[in-house]
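To start, the structure itself, in structure tokens.
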Amino acid sequence: MNVLHAAEDAFMKPTLLKVATWNIGGGILGESHQRGASPSLDYYAAVLREHLPDVVCLQEAHDYHGRGVSQAEYLARCSGYPHFASFPTSESHMAENASLALGMVSRFPIQNAAYKQFPNPKLEAVGPSGECWKLHDKGYVVAQLDLGGCTLGLVNGHCFPLQHFGVSPTESRFAQTWDMLTADLLAVGDAGPAVAAIDLNYARLKDLLAEVLRPGRYLSAFDGTPTTPKGVQKDHILYGHALRLLTTTVAATSSDHSYCQASFLV
């Protein structure tokens, strides 16, 4: 009988989980949109070893389509993570023969991962040096983490940088994008404990994801906290009410985005 109770207690014991999100900009340090600069992935690996997250959602990690180790895999190997995944989303504007990818690096098995692409409005703009900018495909990955005693729903997303194209994500023509993301966030949240890590490229969550933030659905781990050197919040971690938020970290780095982390009891 005592053995049975011990097993039940172990099963019911809450899991401490540290979730991070980081747009690593192709592993390049300094300002974004640098073309042809060399990645400094050992720097990113050192930051992960410093903060010791259990799972990291990466945006703008490079994937080389089998011609080399993806940046998600490299960081997993260098930082001691047994599980990783990489989902190419579009060609890279920073390196030839590379794609921008959504990456996941995890201590826990990643299951049932699927990439979903936003409808692309195909906008164009003139960059600061006179070059032609084209809006790359973006989207999000829906996955599950096997925590042993339970399953965590996980969403890793990267949304369009519409500010670079002189338009606002609140315009009605982008409603389909937010409806799509909202539907999947709600579905993941309804299925059980859930976390979403998103480079929204926008600060005010409620403008775009109001339904997601209704009572009983998701909460924001660090709403209103700047996550870029220019003092703008682009990065967000949302969590379902089944999780208890313990601590948050938004740490400035040598990258164009802060390292963002939230610790939970699941």
Side-chain angles (χ1 to χ4, degrees), residues 12-23 48 51-59 81 83 85 102-114 116 139-159 178-228 233-251 257-266:
M12 296 300 292
K13 185 178 180 180
T15 299
L16 175 63
L17 182 71
K18 295 187 287 185
V19 179
T21 186
W22 202 2
N23 183 324
L48 296 185
H51 292 280
L52 298 175
D54 295 301
V55 57
V56 188
C57 292
L58 303 170
Q59 301 87 35
Y81 291 88
H83 307 285
L102 292 168
M104 292 180 175
V105 173
S106 175
R107 302 195 190 283
F108 301 99
I110 303 167
Q111 301 176 336
N112 303 318
K116 301 195 175 184
Y140 54 96
V141 174
V142 178
Q144 294 175 320
L145 294 185
D146 181 0
L147 303 185
C150 69
T151 299
L152 178 82
L154 182 64
V155 177
N156 176 17
H158 191 194
C159 301
W178 310 121
D179 290 346
M180 176 182 173
L181 180 57
T182 293
D184 274 318
L185 286 171
L186 294 181
V188 172
D190 287 345
V195 174
I198 305 173
D199 178 353
L200 197 66
N201 265 304
Y202 191 75
R204 296 184 298 277
L205 275 167
K206 289 184 178 180
D207 289 355
L208 309 177
L209 300 173
E211 288 297 320
V212 170
L213 298 172
R214 288 188 180 277
R217 293 178 174 174
Y218 286 85
L219 297 167
S220 173
F222 43 83
D223 197 25
T225 303
T227 63
T228 66
Q233 181 174 12
K234 294 184 179 181
D235 309 283
H236 304 263
I237 294 179
L238 306 179
Y239 63 98
H241 283 257
L243 281 68
R244 177 186 170 193
L245 179 66
L246 298 178
T247 63
T248 61
T249 299
V250 178
H257 284 249
S258 297
Y259 171 86
C260 303
Q261 179 176 292
S263 300
F264 305 98
L265 282 181
V266 182

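By convention here, the first residue in the shown sequence is residue 1. Bear in mind that the values here come from a model prediction, so they are computed numbers and not experimental data.
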Would you compute the distance between atom CD1 of Ile198 and atom SG of Cys159 and round it to the nearest 0.5 angstrom? 6.0 Å

Taking C-beta and beyond as the side chain, do Cys150 and Val266 meet within less than 4.5 Å on heavy atoms? yes

Answer whether the closest heavy-atom distance between the side chains of Leu200 and Asp235 falls below 4.5 Å. no

Please check: side-chain N/O of Tyr218 versus main-chain N/O of Ala196, any donor-acceptor pairing under 3.5 Å? no

Begin with the C-alpha distance, continue with both residues' side-chain angles, and end with the deciding distance and a verdict on side-chain contact (heavy atoms from CB on, under 4.5 Å) for Arg214 and Leu209. CA-CA 9 Å; Arg214 288 188 180 277; Leu209 300 173; over 6 Å; no

How long is the gap from CD on Gln111 to CG on Leu145, to the nearest 0.5 Å? 8.5 Å

Ring geometry between Tyr259 and His51 (parallel below 30°, tilted from 30 to 60°, perpendicular above 60°): parallel

Quick one: CD1 on Ile110 to OH on Tyr81, what's the gap to the nearest 0.5 Å? 11.5 Å

Residue that, paired with Pro53, satisfies side chain to side chain contact (heavy atoms under 4.5 Å, CB included) out of Thr21, Leu17, Leu48: Leu48

Look only at the side chain of Arg217 and the backbone of Gly189, and say whether a donor-acceptor pair between them is shorter than 3.5 Å. no

Please round to the nearest 0.5 Å and tell me the distance separating atom OG1 of Thr227 and atom CD1 of Ile237. 10.5 Å

Considering only heavy atoms from C-beta outward, does the side chain of Asn201 approach that of Asp199 to under 4.5 Å? yes

Using a 4.5 Å cut-off on heavy atoms from C-beta on, say whether the side chain of Asp146 contacts that of Phe108. no

Keeping Thr248 on the side-chain end and Ala262 on the backbone end, is there a donor-acceptor pair under 3.5 Å? no

With side-chain contact (heavy atoms from CB on, under 4.5 Å) as the criterion, how do Gln261 and Trp22 come out once you've worked through the C-alpha distance, each side chain's angles and the decisive distance to 0.1 Å? CA-CA 9 Å; Gln261 179 176 292; Trp22 202 2; over 6 Å; no

Considering only heavy atoms from C-beta outward, does the side chain of Val56 approach that of Leu58 to under 4.5 Å? yes

Going by an N to O cut-off under 4.0 Å, is there a salt bridge joining Lys18 and Asp54? no

Verdict with supporting geometry, His158 and Asn23, side-chain contact (heavy atoms from CB on, under 4.5 Å): CA-CA 9 Å; His158 191 194; Asn23 183 324; 3.7 Å; yes

Check: Gly224 main-chain N/O paired with Gln233 side-chain donor or acceptor under 3.5 Å: yes

May I ask you to check whether Phe264 and Tyr239 place their ring centers less than 6.0 Å from one another? yes

Which atom names give the shortest non-hydrogen contact between Leu154 and Val188, and what distance separates them? N-CG1, 4.3 Å

Any chance you could lay out the side-chain contact (heavy atoms from CB on, under 4.5 Å) test for Leu152 and Gln144, step after step, and finish with the verdict? CA-CA 5 Å; Leu152 178 82; Gln144 294 175 320; over 6 Å; no

Checking the side chain of Ser258 only, and the main-chain atoms of Cys260 only, is there a donor and an acceptor separated by less than 3.5 Å? no

Interatomic distance, CZ@Phe222 vs OG1@Thr247, rounded to 0.5 Å, equals 11.5 Å

When you compare the side chain of Leu243 with that of Val195, does any pair of heavy atoms fall below 4.5 Å? yes

Are the side chains of Met104 and Val141 in contact, using a 4.5 Å heavy-atom criterion? yes

Does any donor atom in the side chain of Asp223 or His236 lie under 3.5 Å from an acceptor atom in the other side chain? no

Once you round to the nearest 0.5 Å, how far does CG of Leu181 lie from CG of Leu208? 9.5 Å

I'd like to check Asn156 versus Gln59 (side-chain heavy atoms, cut-off strictly below 4.5 Å). Are they in contact? yes

Using a 3.5 Å distance criterion without hydrogens, assess whether the side chain of Thr228 forms a donor-acceptor pair with backbone atoms of His257. no

